[in-house]
Amino acid sequence: MAKKSFRFPILAKVIFLTGVLTALVSGSALVTASILSYSRTRDNYIQNTVHAGETLDSYISLSFNVEITSSGKQTTPMALFADVIIPRYESYIENPEKDNPDVYATYIDDLNTALFGAGQGMIGYSEDMGRRNHVYVPFITYMQNICLDYDIRDVYVDIYDKERNNLIVFANNQSVISGDPCGEIKAMDMSQELFDFYQGSAKKYRSDTTDLVDTYLKATLPFAEGNQNFYLMLHTKKSLTEFNEESLRNITTQILISLGAAIVLMAVYAVLAKFFIINNITKAKSSAIEFTESMSNKNNLAVAYRDVNSRDEVGDVYRCIIAMEEAIVSYVDTLAEAKNAEAKMNAELQVASKIQLESLPNPTFFYKNSELRAYIKPAKEVGGDFYDYFLIDDDHLVLVIADVSGKGVPASLFMMKAKENIRSIVSHSNSLGDAFYEINNILSFNNKENYFVTAFLAIYEYSSHKFRFINAGHERPYIIKKDGSVAHLEIKPNFVLGLYEDFKYEEESITLEEGDKIFLHTDGLNEAINNKQEEFGYLRIKEALTKGEEDDTKLKIIEEELAKFSEGLEPFDDTTMLLFDLKVDYQEFNYKNPGYDVIEDATNKINKYLEKNKIDKDKISKVDIILDEVLNNIISYSRTKEAIKEISVGVEIKCDEAKLYFLDNGHKFDPLATTIRTAEENIENGIIGGLGISIVRQISKEVKYIYNDKKNVLIVRV
Amino acid sequence: MEIGVNHGENLVFSIKGRLDTVTSPELLEAFEKEVIAENLVVIDFAALDYISSAGLRVLLTIKKELDAKGKALEIHNLNEVVKEVFKVTGFGNILSVK
């Protein structure tokens with residue numbers, strides 16, 4: 001199975017690219033944001049701390065029993081508180097009895113009353129400190145609310161005694177739990193940073209501190225100016241976990257916003273890309289695909305137009321594809337037309353070829369003691385060779401063989417012209433020389449392309465055995481004698497027909513004997529070549545003519561030799577052969593309107609002839625049986641169909657064999673078409689049709705049937 | 001063609017000449033004219049030149065008629081040609097030949 005190669009579509013590329021860019025941008029934004037958000041969160045926290053202080057300030061100014069002494073100082077309510085606390089603290093701390101619980105209690109009570117009013121708050125007792133506390137609960141509750149509002153863990157206000165290193169508690173949202181009343185004094189250890197802060201060299205102070213519960217941030221704000229030895233401070237604490245969570249929430253929000261932006265961007269790019277570019281590409285692609293598919297069905301071949309109008313490279317590609325499709329359609333149409341025309345031409349050539357071959361006379365001809373066999377094989381559909389024969393009267397047979405220069409349609413047209421002229425002129429001419437003179441002039445006239453024809457024509461006179469002939473540049477005939485010897489007939493070539501007007505042609509003649517055969521051929525035979533460019537040649541023809549007993553066999557042998565020689569090469573020229581045979585020892589008896597009495601007459605005559613020629617008795621009996629069966633068949637068959645007008649019975653003696661020829665001009669009927677039956681079949685079928693022919697086939701050496709020239713011809717060799 | 005008829009222990013028909021289309025009907029006619037008392041009919045072909053299919057058919061007819069009567073048929077003295085015809089047609093298998 002083929003590996004599917006990885007495809008990276010444009011859309012994917014666009015999305016990927018956008019994603020990468022957005023990721024880069026978002027990444028840096030994220031980093032920035034996270035830094036910013038941390039500081040923002042922290043600033044938020046500081047802000048909240050400041051706001052908490054302001055809120056506290058306003059609450060105090062609204063809620064408490066503080067006399068604002070008009071000392072001309074611009075000061076905050078918290079500072080006024082400090083003015084209340086500090087003197088009382090100082091007097092307590094200088095009191096040598098300060099360790100006395102009662103002294104402490106008095107100090108606390110006094111201070112709280114001064115600040116919050118008498119009887120306010122909760123009076124509690126702190127066990128581990130052994131002292132009495134005042135916890136002003138509403139104030140504490142308020143502090144707690146501030147924490148909730150400003151998202152901080154703790155808020156407290158205290159005063160730092162720089163001299164004595166003491167911290168005085170003022171207010172604390174955890175007072176209920178820790179039990180620190182207002183005025184409570186704690187020893188203080190100061191870190192350097194805190195000291196710097198108190199010194200005023202740092203505006204804000206922040207530290208990360210851990211207690212048992214949590215890590216928290218601490219912010220400290222200076223709350224009031226004034227007394228140089230006492231610092232009033234507001235502290236807030238914020239849980240670091242909460243702080244980090246808040247930061248994270250901010251960052252997360254940032255990330256989500258970036259992501260959202262990225263997705264939106266990618267979607268927008270994708271849509272734009274699809275709409276403006278990819279759609280058109282897809283359309284161009286689908287056009288090509290549809291067209292290619294329609295190519296498999298030639299009838300449906302059509303250009304696949306699409307709606308692509310963009311004036312850019314994609315539009316160009318589409319237009320190129322369409323142009324190519326149109327060109328292909330046009331080309332295919334042209335091809336189809338050409339093929340049609342060619343097919344038509346071929347069909348017509350086939351018909352012409354058929355007409356031409358059908359215009360030639362039958363390839364087999366039996367007349368008196370002569371037998372004529374013809375063979376023609378055109379190289380192309382229509383050829384330039386022809387043969388012809390016809391009886392001028394019942395004593396004269398004309399033979400023609402001819403070869404027109406060239407092949408194909410022009411040659412065949414010229415061939416028809418030559419053939420018809422030869423026929424008509426020779427029929428009415430005494431001299432062959434005159435006939436050819438006239439024919440030559442006719443063919444030469446208006447022959448601008450200089451077509452010509454070679455021809456050999458002969459007239460055989462049966463009564464005298466005279467063989468007159470005339471040659472016009474054609475191949476010489478062979479003559480085969482009774483003893484089987486083969487030789488060329490040396491004859492005058494004269495000149496071809498159709499090229500040179502007023503040429504004087506001369507005829508010649510010889511006398512033939514019984515047993516002579518004349519072999520005529522065209523140069524397609526001797527000039528046929530094989531793969532080694534060798535010619536078939538006269539020697540091979542002569543060689544082949546020595547073989548074969550029967551005439552049709554002789555022609556078949558030459559055909560086979562030729563096929564073997566050419567080794568499958570297509571012939572480049574027409575090949576025609578004509579074999580004219582005069583039978584030896586031939587007798588023929590003709591009967592018109594025959595009845596059954598013909599059988600007796602023919603039998604008697606033939607018996608006489610055979611006896612005269614010393615044929616043995618058994619053979620004669622066989623001949624008689626054959627005569628009886630065949631003639632019976634012919635005559636009785638004719639009774640059922642049309643009456644037969646003529647029967648010829650011929651007998652030829654050849655090498656101690658008797659060869660019988662039966663010719664009748666009745667309805668076409670091949671007696672050999674019935675099969676040989678066994679005796680059992682014979683008996684079963686009662687009186688049998690075909691028994692006679694069955695006997696004939698089995699007692700004879702060979703039986704052949706031809707339908708020739710409107711005659712049934714049966715040949716039996718005994 | 002000449003037909004000789006001889007009654008005796010067997011009925012003997014002697015044929016001289018040929019049995020072909022023309023002459024075969026004569027044999028059949030001669031046969032049917034006879035009243036056959038004997039149990040065996042013999043046709044002697046000693047003087048027969050040859051036989052054609054027409055003759056074979058007549059022999060077949062004669063055989064069938066004799067079979068119906070429960071009588072036998074034999075053919076004697078076939079020459080070479082006639083023997084060959086009997087062989088190739090298979091008639092030698094249905095007719096008794098001696």
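FYI, side chains are in, hydrogens and waters are out, and symmetry mates aren't considered; it's all heavy atoms of this structure. All values derive from a computational prediction rather than experimental measurement. Numbered from 1 within each chain, the chains take letters A, B, ... in sequence-line order.
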ask   = Do the side chain of E629(A) and the main chain of S53(B) share a donor and acceptor less than 3.5 angstrom apart?
value = yes
key: Residues in residues 72-87 of chain B that sit under 4.5 Å from chain A, counting heavy atoms only   = E80(B), V81(B), E84(B), V85(B)
task = Step through the shown structure and confirm whether more than 12 heavy atoms of other residues, nucleotides or ligands are within 6.0 Å of CD on E32(B).
result = yes
key: Straight-line distance of I51(B) CD1 to S621(A) OG, nearest 0.5 Å   = 12.5 Å
Inter-residue atom distance D624(A).CG - Y50(B).OH, 0.5 Å rounding = 4.0 Å
note = residues 2-21 of chain B vs chain A, non-hydrogen distance cutoff under 4.5 Å, contacting residues -> R18(B), D20(B), T21(B)
inquiry  = Report which part of D618(A) has an atom under 4.5 Å of a heavy atom belonging to chain B: side chain, backbone, both, or neither.
reply    = both
inquiry  = Tell me if the NZ atom of K704(A) is crowded by more than 12 foreign heavy atoms within 6.0 Å.
reply    = yes
ask   = Given side chains that start at C-beta, do those of L691(A) and F91(B) come closer than 4.5 Å, heavy atoms only?
value = yes
note = Turns out that what part of L56(B) lies under 4.5 Å from chain A's heavy atoms comes down to side chain
ask   = More than 12 foreign heavy atoms under 6.0 Å from CG of D656(A): is that the case here?
value = no
